[in-house]
Amino acid sequence: MLDRRYVVEHADRVEQNCQRRGSRADVRQFVSLETQRKARQADIDQLNRQANEVSKSIGKAKDAAEREARKAEGRGLREKTAEAQADLDRITAAADAILRAIPNMSHPEAPIGVDDQANLEIRRGIHEPPKFAFKPLDHVDLGEKLGLVDFEGGAKVTGHGFYFLKNDAVLLELALQHYALDVLVREGFTPTITPDLARNEILQGTGYIPRGPETQIYSIADSDLSLVATAEITLGGLLSNEILDAGVLPVKLCGISHCYRTEAGAGGRAARGLYRVHQFTKVEMFAFTLPNQSEDMLNYFCDLECRIFDGLGIAYRVVDTATGDLGGPAYRKFDLEAWMPGRGEAGEYGEVTSTSNCTDYQARRLGIRYRTGEKGTAFVHTLNGTAIAISRALIAVLENYQQADGSVVVPDVLRKWVGKDRISAL
RNA sequence: GGAGAGGUGGCUGAGUGGUCGAAAGCGCCGGUUUGCUAAAUCGGUGAUCGGGUAACCGGUCCGCAGGUUCGAAUCCUGUCCUCUCCGCCA
């Protein structure tokens, strides 16, 4: 959520930004409602002031008759206030609905474009895509041949988009978690395992809409809980409604959680296998920073994501995400796309991680502030980044490390946790 | 899940219908004292919205949401959370 005053004072800029980000939020209407809201609030303040005066005078009334007269006066004022308040509530609700739909402002260097076609490649990893002397398989075939992933079992038990990891895939999943965590703990992140469910108000605070028409979120019936789509939600919510001492910033957390996504309307190609699933495990990075620290933190998160994939020996590229593809909360976002030999005709890059600077957009909704040196408080900046999303990392590992004999070599950095250097058919 | 108790400012904690945005202590900031530190002492010290160049003025906020009342931190209802005891369970 943007600062309502900022929107009013920079309506043109906000409106242009909405266009670039493909949002149809009615900024003009918001400005108009906001003007009405202020006027109505001033009326109410005035009425309350009068009513307060009347109330105070009752204690000092000379006699019963005067007391009764003043009571009646007070009653009348409160009735008027109630009417004005109802009016104000209506206006505020309408204004807020628009405000919530207005996306964050965009970094001046973020490429302008309607969708991911406009994403700009800014960087590549240290490894080249592997060259195969044979036709590489995709991870679905590899997983089947090696007994690693059971999609049919998942479909039977839970439905399409679910799967069982089996045998060495389980060890790989744990190894990937351990590997990512190992890097992050050395970097001073506080490791956490977060709840997989969160209150809807926390989801909303982080910019996820639990029960909207285009939601990605599973809601729990008869409760105000939803399954989280990422630990970004729980980690961001962790400090909601707190006022921090500036000295504790930046706070760097990482969290392991399961991620649940309905993927409504996301069917079709490129969704084969593990690429787009309803549940996966993820190690997420999260930071709360001072405003002037967030740009560096975003680059740092991006560097860490690169380090993790360089360490895995997998080729990737990093793209600066176009305005139309940023979603609501992000001010700037870098996606890391790993080389997936089994994807498309002869291999393609596929998104494996993503890091965003949400500036104060989430913090404002979540009420996360810090004490400034001067009088008062200000909103912190929040950032999130994927350290490792297991399902997609598995795709990259299996497809890049496959061998002519159908086995898969275990990346060096994972061997101490997988306990072997090669995965072969049982 | 059952029974009790409780949620007040950065912290501890008083406050059971008006004089309470709220005692006191701690912490923090500033002054005095002091060779320095400590101690002592005096003063200041919540958030948020609106108005004003500013001093300042006004509204709202005592977990959250409603209700009663001219008036609520205080009474009532709901809700969330915490603690204690019991039950259940990995």
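What you are looking at is a predicted structure, and each value in this text was computed from that prediction instead of being measured. Numbered from 1 within each chain, the chains take letters A, B, ... in sequence-line order.
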**OP:** Please check if the side chain of E68(A) supplies one atom and the backbone of A65(A) the other of a donor-acceptor pair under 3.5 Å.
**Re:** no
Subject >> Sole candidate of R24(A), R28(A), R20(A) that passes salt bridge (Lys or Arg N to Asp or Glu O under 4.0 Å) when paired with E15(A) >> reply: R28(A)
**OP:** Salt-bridge test for E284(A) and K282(A): reply yes if a basic N is under 4.0 Å from a carboxylate O, no otherwise.
**Re:** yes
**OP:** Please measure how far the C1' atom in U33(B) lies from the corresponding atom in A72(B), and state the result in whole Å.
**Re:** 47 Å
Original post:
Counting only Watson-Crick or G-U wobble pairs whose two distances fall under 3.5 Å, which nucleotide matches A73(B)?
Top reply: none
Subject >> Whole angstrom value for the distance that separates C1' of G71(B) from CD of E79(A) >> reply: 15 Å
Original post:
Checking all strands, does D245(A) fall into the base, sugar-phosphate, or nothing category for heavy-atom contacts under 4.0 angstrom?
Top reply: nothing
Subject >> Distance, rounded to the nearest Å, where K56(A) contributes NZ and G18(B) contributes P >> reply: 14 Å
**OP:** Pick the P atom in C26(B) and in A40(B), then give their distance to the nearest Å.
**Re:** 9 Å
Original post:
Should G27(B) form a Watson-Crick or G-U wobble pair with both distances under 3.5 Å, which nucleotide is its partner?
Top reply: U45(B)
Original post:
Roughly how far apart, to the nearest Å, are A22(B) and C61(B) at atom C1'?
Top reply: 12 Å
Original post:
Rounding to the closest angstrom, what is the interatomic distance between G31(B) and C36(B) at atom P?
Top reply: 14 Å
Original post:
Roughly how many Å is it from CD in Q41(A) to P in G58(B), rounded to a whole number?
Top reply: 16 Å
**OP:** Could you work out which one of G58(B), G71(B), U48(B) sits closest to the side chain of D45(A)?
**Re:** G58(B)
Subject >> Nearest-angstrom distance from the residue atom CZ of R199(A) to C1' of U79(B) >> reply: 10 Å
Subject >> Listed nucleotide nearest any side-chain atom of R369(A), set U48(B), U60(B), G71(B) >> reply: U48(B)
Original post:
Looking at the side chain of K38(A), which of G50(B), U60(B), U48(B) is the nearest nucleotide?
Top reply: G50(B)
Subject >> Integer angstrom distance from the C1' of A23(B) to that of G13(B) >> reply: 10 Å
Original post:
Paired with A40(B): which nucleotide, if any, by Watson-Crick or G-U wobble criteria at under 3.5 Å for both distances?
Top reply: U32(B)
Original post:
Judged by atom type as modelled, is there a donor-acceptor pair below 3.5 Å linking the side chain of Y179(A) to the main-chain atoms of I308(A)?
Top reply: yes
Original post:
Between A3(B) and G78(B), how far is it from one P atom to the other, in whole Å?
Top reply: 13 Å
Subject >> Nucleotide of U48(B), G71(B), G59(B) approaching T377(A) most closely (side-chain heavy atoms) >> reply: U48(B)
**OP:** Check the distance between C61(B)'s P and N241(A)'s CG and give it to me in whole angstrom.
**Re:** 17 Å
**OP:** Could you list the residues that satisfy ring-ring contact (aromatic ring centres under 6.0 Å, His included) with F189(A), not counting sequence neighbours?
**Re:** F301(A)
Original post:
Does C64(B) have a Watson-Crick or wobble mate here (both distances under 3.5 Å), and if so which one?
Top reply: G78(B)
Original post:
Counting only side-chain N and O atoms of R371(A), is one of them less than 4.0 Å from OP1 or OP2 of G46(B)?
Top reply: no
**OP:** Take atom CZ of R4(A) and atom P of G50(B), then tell me their distance rounded to the nearest Å.
**Re:** 9 Å
Original post:
When you compare U19(B) with C29(B), how far apart are their C1' atoms, in angstrom units rounded to a whole number?
Top reply: 30 Å
**OP:** Send over the distance from Q85(A) CD to G66(B) C1', rounded to a whole Å.
**Re:** 13 Å
Subject >> Residue closer to the 5' end of RNA chain B, E34(A) versus K71(A) (nearest nucleotide) >> reply: E34(A)
Subject >> Nucleotide nearest R5(A) (side chain, heavy atoms from C-beta), chosen from A47(B), G50(B), G10(B) >> reply: G50(B)
Original post:
Does E144(A) CD have over 12 foreign heavy atoms under 6.0 Å away?
Top reply: no
Original post:
Would you say the ring centroid of F288(A) lies under 6.0 angstrom from that of F286(A)?
Top reply: yes
Original post:
Does a side-chain N or O from N52(A) land closer than 4.0 Å to OP1 or OP2 of U60(B), or not?
Top reply: yes
Original post:
Between atom CG in L77(A) and atom C1' in C70(B), what is the gap in whole Å?
Top reply: 9 Å
Subject >> Below 4.0 Å: OP1/OP2 of C70(B) and any side-chain N or O of R75(A) >> reply: yes
Original post:
Nearest of A47(B), G59(B), G18(B) to any side-chain atom of I58(A)?
Top reply: G18(B)
Original post:
Which base, if any, makes a Watson-Crick or G-U wobble pair with U19(B), both distances under 3.5 Å?
Top reply: none
Original post:
Taking atom C1' in both C20(B) and G71(B), what distance in whole Å separates the two?
Top reply: 13 Å
Original post:
Is C89(B) paired to anything, Watson-Crick or G-U wobble with both distances less than 3.5 Å, and if yes, which nucleotide?
Top reply: none
